[in-house]
Amino acid sequence: MTRRDGDLLVEGWVGRRVAAIIVRRDPSETAARTVWDKLNEVAVDDVCAPSLPV
């Protein structure tokens, strides 16, 4: 994770590729939605994951 002018760049490996999102310093409902959208883009369906007891 790196910071520039208060914004954060978050990077991480997802399988064989790197996923990255920018989290802006100015928090707002729009910013939260943007973060969710970007995380959703790199999310992997849990189809192959073992079921956890609820």
Side-chain angles (χ1 to χ4, degrees):
M1 181 175 351
T2 55
R3 183 180 302 120
R4 179 187 292 176
D5 299 326
D7 296 336
L8 301 174
L9 174 63
V10 182
E11 300 172 292
W13 285 99
V14 178
R16 295 181 179 177
R17 62 189 174 109
V18 173
I21 63 168
I22 294 176
V23 181
R24 300 281 179 205
R25 176 173 55 166
D26 181 22
S28 68
E29 188 173 324
T30 302
R33 178 60 188 209
T34 300
V35 169
W36 186 90
D37 287 342
K38 292 299 181 183
L39 290 173
N40 189 50
E41 287 177 13
V42 299
V44 178
D45 290 334
D46 63 354
V47 179
C48 297
S51 298
L52 299 174
V54 181

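Hydrogens, waters and symmetry mates are skipped; everything else that's a heavy atom, side chains included, is used.
What you find for R17 and E41 is that their closest heavy atoms are NH2-O, 4.4 Å.
Linking Ile, Leu, Val, Met, Phe, Trp and Tyr residues whenever their side-chain heavy atoms come within less than 4.5 Å places L8 and I21 in a single cluster. Connection of L9 to V18 is not established within any shared hydrophobic cluster, with ILVMFWY side chains joined at heavy-atom distances below 4.5 Å, either directly or through further cluster members.
Looking at D37 and R33, a side-chain N of the basic residue comes within less than 4.0 Å of a carboxylate O on the acidic one, giving a salt bridge.
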